[in-house]
Amino acid sequence: MTIATRRPLPPGSAPDHSGDAPNILGRFSGRMVQFAERWFPDAYVFVLISVIVVAGGTMLHGGSPLAVSRAFGDGFWNLIPFTMQMALVAIGGYVLAMSPPVAALLRRMARIPATSRGAVVFVGVLSILLSLVNWGLSLIYCGLLVREIARRTDIRLDYRAAGAAGYLGLGCGFTLGITSSAAQLQANAASIPAGLLPITGVIGFSETILTWQNLVVTTAVTLLSAAICYFTAPPAGREVTAADLGVALDSDRIEPKKPTRPGDFLEFSPILTILIVLLAMGWLWQTFQSGNPLITLSGLNTYNFVFLLLGILLHWRPRSLLESFSKAMPSVSGVLLQFPFYAGIAQILTKVPNAAGATLSDTIAHWFVGVSSNSTMFSFFVGIYSAVLGFFIPSAGGKWIIEAPYIMKAANVIEAHLGWTVMVYNIAETLPNFINPFWMLPLLGILGLKSKDLIGYTSVQFFVHFPIVMVLAAVLMSTFAYHPPILP
């Protein structure tokens with residue numbers, strides 16, 4: 001695939017219609033877009049600033065400078081397996097999308113929207129729905145769909161608004177679905193750490209993602225997101241297209257080639273593809289017959305293996321796969337560079353104690369729990385805490401293992417429903433993704449944009465979602481009846 005590239009533009013060359021939108025939300029969005037374009041730093045600068053802020057806060061909290069420095073260095077490489085997995089999520093999505101069948105589906109779906117504003121809403125809703133099944137699929141497929149729609153000559157797609165819509169699944173959707181790391185961990189007794197099991201017990205999906213309350217939240221989030229997309233998308237005649245932004249959208253198609261020497265035979269033959277797929281079928285059969293296929297697929301290693309295998313199969317010939325793989329590599333440069341810095345941030349927050357033995361993460365959590373007087377207030381403050389910490393540690397639920405012991409212990413004391421406590425944490429955790437470009441990096445590589453191009457739109461999603469979703473989650477807590485942990 002040819003990655004979208006961006007040609008430098010002189011300042012102010014893209015049209016600016018921030019002050020003449022026809023509604024309040026549109027005008028607010030325009031101002032946020034204008035602010036982000038002018039002031040929001042590159043994603044790499046953003047993570048460096050975050051490191052300094054967290055390090056400074058930890059030292060003010062009582063951690064020694066040497067301990068902070070050691071934690072940063074010790075934790076820097078903790079996300080290397082995850083970094084590789086995320087890189088392969090992006091690459092695997094590219095490889096699969098470049099295959100003839102999926103590329104044809106993308107082109108057909110790109111013809112559905114009739115207007116630029118309709119396209120933004122279409123991409124946004126699709127992003128959320130796909131994220132309920134798998135966040136990687138949502139991020140990559142919707143990014144590629146935006147590129148395909150942007151190639152249409154019969155509509156002027158606002159490239160920034162559509163790109164931001166493609167990110168909605170990572171901002172407010174994926175932890176409400178089957179890919180919720182916290183819900184998965186709590187549903188499987190074998191996965192719960194021994195020290196955590198007596199506190200939480202086993203919490204099945206029937207008490208988390210499969211509750212009617214979660215359906216209410218998912219529906220509300222989807223409708224709210226679609227409405228924001230509609231009202232913040234620039235109207236006809238005011239769109240900022242890919243061309244306006246200096247983004248060159250070259251063709252994604254791989255032109256068919258023929259072997260030029262005898263040694264090229266296997267590169268252009270499906271023989272090896274067939275043998276590799278047959279070899280993998282045994283593993284796939286054993287892996288997916290043991291449980292729910294959606295839960296199985298949500299594991300990153302399994303997800304990447306399946307997508308790479310599908311790419312191999314649908315490209316049919318090794319030469320086609322090799323060309324798509326090499327063209328996808330530039331999209332993961334931001335992931336490879338910046339993810340280690342976030343690992344360092346997580347280590348500083350959770351591993352540097354003060355004189356009393358409390359880390360900055362502990363102190364923040366205990367403060368929020370301490371001000372809660374009942375389960376509804378507890379739900380509200382847990383949500384705020386999850387969002388605050390999620391801004392600095394965008395872990396997709398991985399940090400639940402660290403924070404669950406004291407959050408769930410407090411939930412037992414206050415008698416807040418344990419399953420909904422998990423979901424409140426999930427609901428709030430992803431919202432900071434709208435203003436933190438961590439998960440945005442693969443999408444930016446696909447679109448050929450910078451974080452400042454999307455943050456103006458996604459920040460509006462954050463400011464509207466946050467109060468509404470927090471209140472909704474807290475109110476729904478009152479519909480649950482507490483019961484003690486269920487031990488296996």
Q: Using the rule given for side chain to side chain contact (heavy atoms under 4.5 Å, CB included), can you reason through L88 versus F305, listing the C-alpha separation, both sets of side-chain angles and the distance that settles it, and then say yes or no?
A: CA-CA 9 Å; L88 285 174; F305 185 78; over 6 Å; no
Q: When rounded to the nearest 0.5 angstrom, what is the spacing between OG in S99 and CG in L105?
A: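 CG of L105 is found 9.5 Å from OG of S99.
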Q: For V352 and A71, work out which heavy atoms get closest and say how close.
A: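 Residues V352 and A71, closest heavy atoms: CG2-CB, 3.4 Å.
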Q: When rounded to the nearest 0.5 angstrom, what is the spacing between CD in E148 and CZ in R108?
A: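 E148 atom CD to R108 atom CZ measures 11.5 Å (nearest 0.5 Å).
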Q: Which atom names give the shortest non-hydrogen contact between P234 and A161, and what distance separates them?
A: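 Here P234 and A161 meet closest at CD-CB, 4.2 Å.
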Q: Within the distance-only criterion (no hydrogens, no angle test), does the side chain of Q347 pair as donor or acceptor with the backbone N or O of I345 below 3.5 angstrom?
A: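 No, the answer is negative, given that no donor and acceptor are paired below the 3.5 Å cut-off.
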Q: Between L349 and V54, does the side chain to side chain contact (heavy atoms under 4.5 Å, CB included) criterion hold? Intermediate values first, please.
A: CA-CA 7 Å; L349 272 172; V54 170; 3.7 Å; yes
Q: Kindly determine whether R111 and D154 satisfy side chain to side chain contact (heavy atoms under 4.5 Å, CB included), including the steps that lead there.
A: CA-CA 10 Å; R111 303 301 302 177; D154 57 328; 3.8 Å; yes
Q: On a heavy-atom basis, which atom in P113 and which in I149 lie closest, and how many Å separate them?
A: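 In terms of heavy atoms, the two residues are closest at CG-CD1, 4.3 Å.
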Q: Tell me, with the steps shown, if V460 and Y457 meet side chain to side chain contact (heavy atoms under 4.5 Å, CB included).
A: CA-CA 5 Å; V460 177; Y457 290 99; 5.9 Å; no
Q: Rounded to the nearest 0.5 Å, how far does OG of S269 lie from CH2 of W316?
A: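 Nearest 0.5 Å value for the CH2-OG distance: 9.0 Å.
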Q: So which heavy atom on A162 is nearest to which on V123, and how close?
A: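 Heavy atoms only, the tightest pair is O-CG1, 3.8 Å.
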Q: Examine distances only and state if a side-chain atom of S324 and a backbone atom of V95 form a donor-acceptor pair shorter than 3.5 Å.
A: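 Such a contact is absent between S324 side chain and V95 backbone.
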Q: Between R156 and D244, does any side-chain N to carboxylate O distance fall below 4.0 Å?
A: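 Yes, R156 and D244 are salt-bridged.
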Q: Just wondering, more than 12 heavy atoms not from R70 lying within 6.0 Å of its CZ?
A: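 For R70, atom CZ is not crowded (no more than 12 foreign heavy atoms under 6.0 Å).
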Q: Look only at the side chain of S320 and the backbone of R317, and say whether a donor-acceptor pair between them is shorter than 3.5 Å.
A: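 Side chain of S320 to backbone of R317, a donor-acceptor pair under 3.5 Å: no, none is there.
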Q: Cut-off 3.5 Å, side chains only: do T430 and N433 have a donor facing an acceptor?
A: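 Note: T430 and N433 side chains miss the donor-acceptor criterion.
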Q: Is the shortest heavy-atom distance from the side chain of L132 to the side chain of L176 under 4.5 Å?
A: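 Contact flag for L132/L176 side chains = yes.
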Q: Counting only heavy atoms not in M109, do more than 12 sit closer than 6.0 Å to its CE atom?
A: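 Yes, because the 6.0 Å sphere around CE of M109 holds more than 12 heavy atoms from other groups.
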Q: Donor-acceptor pair, distance only, cut-off 3.5 Å: does the side chain of Y159 make one with the backbone of L447?
A: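 Looks like yes, one N/O pair under 3.5 Å.
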Q: Could you give the distance from CD1 (I91) to CZ (F325), rounded to the nearest 0.5 Å?
A: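 Rounded to the nearest 0.5 Å, the CD1-CZ separation comes to 4.5 Å.
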Q: Within the 4.5 Å heavy-atom criterion, are L139 and L170 side-chain neighbours or not?
A: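 Yes, close enough: below the 4.5 Å cut-off.
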Q: Does the side chain of Q186 come within less than 4.5 Å of T208's, by heavy atoms?
A: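 No; the side chains remain at least 4.5 Å from each other.
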Q: Tell me the closest heavy-atom pair linking L443 and G166, and the distance in Å.
A: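 The pair with the smallest heavy-atom distance is CD2-C, 4.3 Å.
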Q: Compute both the distance and the angle, then confirm whether R117 meets the cation-pi test with Y230: under 6.0 Å from the six-membered ring centre, within 45 degrees of the axis.
A: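 Pair R117/Y230 counts as cation-pi.
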Q: Do side-chain atoms of T241 reach the backbone of D158 as a donor and acceptor pair under 3.5 angstrom?
A: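 No, the answer is negative, given that no donor and acceptor are paired below the 3.5 Å cut-off.
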Q: Roughly how far apart are L272 CG and L321 CG, rounded to 0.5 Å?
A: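 The distance works out to 11.5 Å.
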Q: Which value, rounded to the nearest 0.5 Å, describes the distance between Q461 atom CD and T458 atom OG1?
A: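 These two atoms lie 8.0 Å from each other.
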Q: Do I128 and S225 make a side-chain contact, defined as non-hydrogen atoms from C-beta onward lying under 4.5 Å apart?
A: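 Answer yes - side chains close enough.
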Q: Under 3.5 Å, is there a donor-acceptor pair between the side chain of T287 and the main chain of L284?
A: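 No.
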Q: Give a yes or no on whether the backbone of C142 and the side-chain of S127 come within a donor-acceptor separation of less than 3.5 Å.
A: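 Here the side-chain-to-backbone pair does not exist.
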Q: With heavy-atom distances below 4.5 Å as the criterion, would you say the side chains of R160 and L245 are in contact?
A: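 Yes, at least one pair of side-chain atoms sits under 4.5 Å.
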Q: For a quick test of reading the model, state the closest non-hydrogen atom pair linking A119 to L157 and the distance between them.
A: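 Minimum heavy-atom separation between A119 and L157: CB-CD1, 3.7 Å.
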Q: For the backbone of K450 and the side chain of D453, can you confirm whether one donor and one acceptor N or O come within less than 3.5 Å of each other?
A: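 The answer is yes, because a donor-acceptor pair under 3.5 Å joins these two groups.
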Q: Please examine the side chains of L449 and L454, heavy atoms only from C-beta on, and report whether any two atoms are closer than 4.5 Å.
A: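 Yes - at least one pair of side-chain heavy atoms lies under 4.5 Å apart.
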Q: If you define the side chain from C-beta out and look only at heavy atoms, does anything of F122 sit under 4.5 Å from L145?
A: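 A side-chain contact under 4.5 Å exists here.
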Q: Decide yes or no for V469 and V221: does some side-chain heavy atom of the first lie under 4.5 Å from some side-chain heavy atom of the second?
A: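 The answer is yes, as the side chains (C-beta and beyond) meet within the 4.5 Å cut-off.
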Q: Taking ring pair (Phe, Tyr, Trp, His ring centres under 6.0 Å) as the definition, give me every residue that meets it alongside F434, ordered by chain and number, with sequence neighbours left out.
A: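 In terms of ring pair (Phe, Tyr, Trp, His ring centres under 6.0 Å), with neighbours along the sequence ignored, F434 is linked to H465.
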